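Here is the structure we will look at.
Keep in mind that this is a model prediction, so the values were computed, not measured. Each chain gets a letter, A, B and so on, in the order the sequences are listed, and its residues count up from 1.
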Amino acid sequence: MNRILLYFVIIISSNLLGQNSKNIEIPTSNKKDTIINHFAYSVSYNHKFRQANWVAYQLTKKELIKIVDRADKFIPDPLIKGTDNAIDYKGSGFDRGHLAPAADMRFSEIAMKESFYFSNMTPQNPSFNRGIWNSLEEQTRKWTEKYDSLYIVAGPILSDSLSKIGIHQIAVPKYFFKVILDNRHKHPKAIAFLILNEGSKEDLQKFVLSVDELERITGYNFFSLLPDDIEIQIEKKSCYECWENN
DNA sequence: CTGCCCACC
DNA sequence: GGTGGGCAG
């Protein structure tokens, strides 16, 4: 993890989602990275590693209504140059894994289309993508049903030492993270996950860590637009038991 | 069984 | 576009 920590020494913060009054601030790691606010999600694209640093979006219970079917049409991000990454995944043995899940985007044709932009894709071990990562996505949708509205950030852990695939040398992350914030109540709560890019039979609880710990690993500063006392409180410890799992 | 994740043709 | 597979609920 040391190399990962070193890589993210330089941190540039942005008021990305804060501008949308969503009380959530996500930083990026490099001035050269491209930040785009799509209709359904925001993305920080890392050109060096040819994938997103993170994607962030709010998911509401209303958006879980299924208006459209899965599109399955992978296309370059029209707003980000250098995202024509189809050739690199082909035959690589890795899935074109969604960071923002297509199943979270069934409320809108536009959102569904956006979820298949290659800026939202990252090389995932098929067993990881279709297994534990999918489980976390499904759990997140259940939590959205229960808590009405959640803020979600997902991304890879990127570093120079990663192996690469394709002519564009797309980095294959060893880990992926997800952070979820419930900001509905007077006492908001957050939970973070860090999972190896491999199949796993373990319970999701095994991959829980505090937001503070994830911030140390990624170099990102999550939720910095929240009032300081609340931010400190919810980031200090992830309470899996606080999130009812059904 | 369906839904979601896909690859491949 | 279609077909087929793994996996979880």
Side-chain angles (χ1 to χ4, degrees), chain A residues 38 40-41 43 50-52 54-55 57-77 83-147 150 152-157 163-168 170-178 180 191 193-208 240 243-246:
Chain A
H38 285 309
Y41 64 94
V43 53
R50 205 83 180 186
Q51 62 197 278
W54 46 261
V55 303
Y57 60 104
Q58 182 185 28
L59 187 63
T60 64
K61 187 176 179 178
K62 276 189 172 183
E63 289 170 339
L64 290 178
I65 181 173
K66 297 171 182 176
I67 302 295
V68 300
D69 287 331
R70 181 182 170 95
D72 260 323
K73 189 181 177 185
F74 297 84
I75 53 176
D77 190 324
T83 54
D84 51 331
N85 298 340
I87 190 174
D88 304 285
Y89 287 88
K90 195 171 181 59
S92 71
F94 290 91
D95 279 3
R96 298 165 293 188
H98 284 66
L99 288 171
D104 286 1
M105 303 299 167
R106 296 191 61 176
F107 63 94
S108 152
E109 293 277 3
I110 297 171
M112 176 59 69
K113 182 179 182 181
E114 288 177 347
S115 84
F116 281 88
Y117 290 168
F118 272 103
S119 52
N120 189 39
M121 296 302 147
T122 177
Q124 292 182 334
N125 183 314
S127 298
F128 167 82
N129 182 32
R130 306 168 193 189
I132 188 76
W133 189 244
N134 185 41
S135 298
L136 178 54
E137 291 171 347
E138 290 179 341
Q139 180 64 73
T140 304
R141 282 189 288 276
K142 288 178 184 174
W143 283 333
T144 303
E145 286 280 1
K146 183 173 287 290
Y147 300 118
L150 297 178
I152 300 163
V153 187
I157 306 294
S163 61
K164 313 285 199 309
I165 56 168
I167 57 170
H168 295 121
I170 300 176
V172 180
K174 279 185 180 171
Y175 292 88
F176 290 94
F177 71 85
K178 179 167 283 195
I180 305 167
I191 191 167
F193 296 85
L194 183 66
I195 313 178
L196 201 59
N197 188 11
E198 292 177 356
S200 172
K201 289 298 209 178
E202 301 288 343
D203 190 275
L204 279 174
Q205 186 169 1
K206 192 196 170 191
F207 304 100
V208 172
Y240 190 72
W243 296 73
E244 302 169 50
N245 3 6
N246 53 21

Requested in this report: Look at the side chain of Arg130(A) and decide which nucleotide, out of dG6(C), dA8(C), dC4(B), has an atom nearest to it.
Outcome: dG6(C)
Query raised in the report: Atom CZ of Phe74(A) to atom P of dC5(B): distance rounded to whole Å?
Result: 10 Å
Requested in this report: Using a 4.0 Å heavy-atom cut-off across all strands, classify Pro126(A) as base, sugar-phosphate, or nothing.
Outcome: nothing
Query raised in the report: Would one find a side-chain N or O of Lys90(A) under 4.0 angstrom from OP1 or OP2 of dC9(B)?
Result: no
Query - Integer-rounded Å distance: dC7(C) P and Asp95(A) CG - result: 12 Å
Report task. Whole angstrom is fine here: how far is it from CG in Leu204(A) over to P in dA8(C)? Result -> 12 Å
Query raised in the report: So what does Tyr89(A) hit on the nucleic acid, given a heavy-atom distance under 4.0 Å: a base, only sugar-phosphate, or nothing?
Result: nothing
Query raised in the report: Does Arg96(A) make a cation-pi contact with Phe74(A), if we ask for NZ or CZ under 6.0 Å from the ring centre and within 45° of the axis?
Result: yes
Query raised in the report: Taking OP1 and OP2 of dC5(B), is either one under 4.0 Å from a side-chain nitrogen or oxygen of Asn129(A)?
Result: no
Query raised in the report: Where each residue is assigned the nucleotide of DNA chain B containing its nearest heavy atom, which of Gly91(A) and Glu137(A) is assigned the position nearer the 5′ end?
Result: Glu137(A)
Query - Parallel, tilted or perpendicular: rings of Phe176(A) and Trp133(A) (30°, 60°) - result: tilted
Query - Centroid-centroid distance, Trp54(A) to Phe177(A), less than 6.0 Å - result: no
**Report entry** Nearest to side-chain heavy atoms of Arg106(A), which nucleotide of dC6(B), dC4(B), dC5(B)
**Finding:** dC4(B)
Report task. Write down the distance between CD (Gln139(A)) and C1' (dA8(C)), rounded to a whole number of angstrom. Result -> 13 Å
Query - Check: Ile167(A) main-chain N/O paired with Asp88(A) side-chain donor or acceptor under 3.5 Å - result: yes
Query raised in the report: Taking only side-chain nitrogens and oxygens of Arg96(A), does any of them come within less than 4.0 Å of OP1 or OP2 of dC5(B)?
Result: no
Query raised in the report: Checking all strands, does Lys73(A) fall into the base, sugar-phosphate, or nothing category for heavy-atom contacts under 4.0 angstrom?
Result: nothing
Query raised in the report: Which of parallel (below 30°), tilted (30 to 60°) and perpendicular (above 60°) describes Phe193(A) and Tyr240(A)?
Result: perpendicular
Query raised in the report: What's the CG-P distance between Asp69(A) and dC5(B), to the nearest Å?
Result: 12 Å
Query raised in the report: Across the strands shown, which category fits Gln124(A) at heavy-atom distances under 4.0 angstrom: base, sugar-phosphate, nothing?
Result: nothing
Query - d(CD1, Ile132(A); C1', dC7(C)) in whole Å - result: 12 Å
Requested in this report: Check the distance between dC6(B)'s C1' and Met112(A)'s CE and give it to me in whole angstrom.
Outcome: 14 Å
Query raised in the report: Starting at CG of Leu136(A) and ending at P of dC7(C), how long is that distance when rounded to a whole Å?
Result: 19 Å
Query raised in the report: Between dC4(B) and His98(A), is there an OP1 or OP2 to side-chain N/O distance shorter than 4.0 Å?
Result: no
